[in-house]
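Quick note on labels: first sequence line is chain A, next is B, and so on, each numbered from 1. Heavy-atom basis, side chains included; hydrogens, waters and symmetry copies ignored.
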Protein chains: 2
Amino acid sequence: MDRPAFLLSALGLHVASDFTERLRPFGLEPIKFALLAHLKSDEGSTQQSLADALGVHRNAMVGLVDELEEQELVQRRPHPSDRRAKALYLTEPAHELVERGYRVADEQDADLLSVLEESERPQLISLLRRVAEARGVNPQAHLCMTQNSGPVKQPPTNRADEDSK
Amino acid sequence: MDRPAFLLSALGLHVASDFTERLRPFGLEPIKFALLAHLKSDEGSTQQSLADALGVHRNAMVGLVDELEEQELVQRRPHPSDRRAKALYLTEPAHELVERGYRVADEQDADLLSVLEESERPQLISLLRRVAEARGVNPQAHLCMTQNSGPVKQPPTNRADEDSK
DNA sequence: AAAACATTGTCACTTGACATGACAATCCAG
DNA sequence: CTGGATTGTCATGTCAAGTGACAATGTTTT
């Protein structure tokens, strides 16, 4: 079975599930890691804007933030300019946790590429990036790991509209 | 974000979801396509052996076969040598449907690789295959698309047990 | 300013997938 | 023949994800 789609799908599932396991010892799920990482580079943002950035529904953010707040990783503070919204902030432990999460990701990448020659690694990355770009793949939708955000938006097939079809 | 794990996960999700959509017009879900395809190359097998091959639970096969039987794509016949088991067979329409499913997969592969130069396509496939092989990725677990079959079994990291860790 | 409408965070509810456990029928080992 | 395993089936329980509604607040229109 040398079908690239097969390979990509199977590898993607493996990688996602593997990442989940690697994060588990830290009491962190991928989506929560993504949330914290986003927050770290954009503190004070609202639940809504974070939800948009992560591709999850506003309603789902409530439970997510509830749990992270209970773990003392984020704080809900009143938003300075909008009394409807909550401004989210990381605690100090959360900052460290995000760093560790990135290190986990680094390790996974290293393990993944360990079978390849040094020169092949950037090749693979480049090929993947080009395919992902061409297909309009959302670069962070993978952390949701749950449902997919609806049907795949079809990029115009790239080849000048295909022969017969 | 040039992390290969990120890219693979995101691309895998895209590809899986895309395949689901491409199959939808035929009234077929990926897991059912996999089931029919397996059956085509191994007619008369039991639900149990098919379940093992596809990585789904025996209980789940019941509903799957129920629906496929209702669509007149498979038949349950008494197993010749084991009166507990059912032997599964494809109907004629199902044979054609599997062919069409393979053609859909071919089209998806072509679309996926269409951004790459001719010479790069086998490169990507080869790199993916090697990584998948090294990580012990089950070549067809991707069609389940639902949950993952538990924690990823860790291949021995490939590099002579890593420095410090 | 008032009224109409949109947005934010929250909650209750429904839906559907998935795993678990039990069961009868049948097979197989001793 | 008896005890234990296997096959297909069903009835559950559990849990996540989506939907709709809501109060509070912000924004736009008149």
Undergrad: Using a cutoff of under 3.5 Å, can you pull out all pairs of nitrogen or oxygen atoms linking the protein to nucleotides 23-26 of chain D, with atom names and distances?
TA:
residue: D/dG26; atom: OP1; partner: A/R83; partner atom: N; Å: 2.9
residue: D/dG26; atom: OP2; partner: A/R83; partner atom: NH2; Å: 3.4
residue: D/dG26; atom: O4'; partner: A/R84; partner atom: NE; Å: 3.4

Undergrad: Salt bridge or not for A/D52 and A/R58, using N-O below 4.0 Å?
TA: no
Undergrad: Rounded to whole Å, please give me the gap between CG in A/L64 and P in D/dA16.
TA: 12 Å
Undergrad: Starting from P on C/dT8, measure out to NE2 on A/H57 and report it in whole angstrom.
TA: 11 Å
Undergrad: Within this structure, what is the NE2-to-C1' distance between B/H79 and C/dC27, rounded to whole angstrom?
TA: 12 Å
Undergrad: C/dG21 base to B/N59 side chain: any donor-acceptor pair below 3.5 Å?
TA: yes
Undergrad: Evaluate the salt bridge (charged side-chain N to carboxylate O under 4.0 Å, His left out) criterion for residues A/E118 and A/R121: first the C-alpha distance (whole Å), next the side-chain angles of each, then the deciding distance (0.1 Å), finally the verdict.
TA: CA-CA 6 Å; A/E118 283 289 343; A/R121 301 176 189 182; 3.5 Å; yes
Undergrad: Has A/R58 got a side-chain N or O lying under 4.0 Å from the OP1 or OP2 atom of D/dT19?
TA: no
Undergrad: Nearest whole angstrom, please: distance from the P of D/dG8 to the CD of B/Q75.
TA: 17 Å
Undergrad: Using a 6.0 Å cut-off, check whether atom CD of A/E133 has over 12 heavy atoms from anything other than its own residue.
TA: no
Undergrad: Would you say A/E43 has more than 12 foreign heavy atoms packed within less than 6.0 Å of its CD?
TA: yes
Undergrad: Is there a side-chain polar atom (N or O) of B/Q47 under 4.0 Å from OP1 or OP2 of D/dT7?
TA: no
Undergrad: Starting at NZ of B/K86 and ending at C1' of C/dT26, how long is that distance when rounded to a whole Å?
TA: 12 Å
Undergrad: Return the value, rounded to whole Å, for the distance between atom CD of B/E67 and atom C1' of C/dA17.
TA: 12 Å
Undergrad: Let me know the distance between CG of A/L50 and C1' of C/dG9, rounded to the nearest Å.
TA: 13 Å
Undergrad: Does the ring of B/Y89 carry B/R77 above it, NZ/CZ under 6.0 angstrom from centre and within 45° of its axis?
TA: yes
Undergrad: In whole angstrom, what separates A/I31's CD1 from D/dA17's C1'?
TA: 13 Å
Undergrad: So, B/E29 and B/R24, do they make that salt bridge, N to O below 4.0 Å?
TA: no
Undergrad: With a 4.0 Å cut-off on N to O distance, would you call B/K40 and B/E99 a salt bridge?
TA: yes
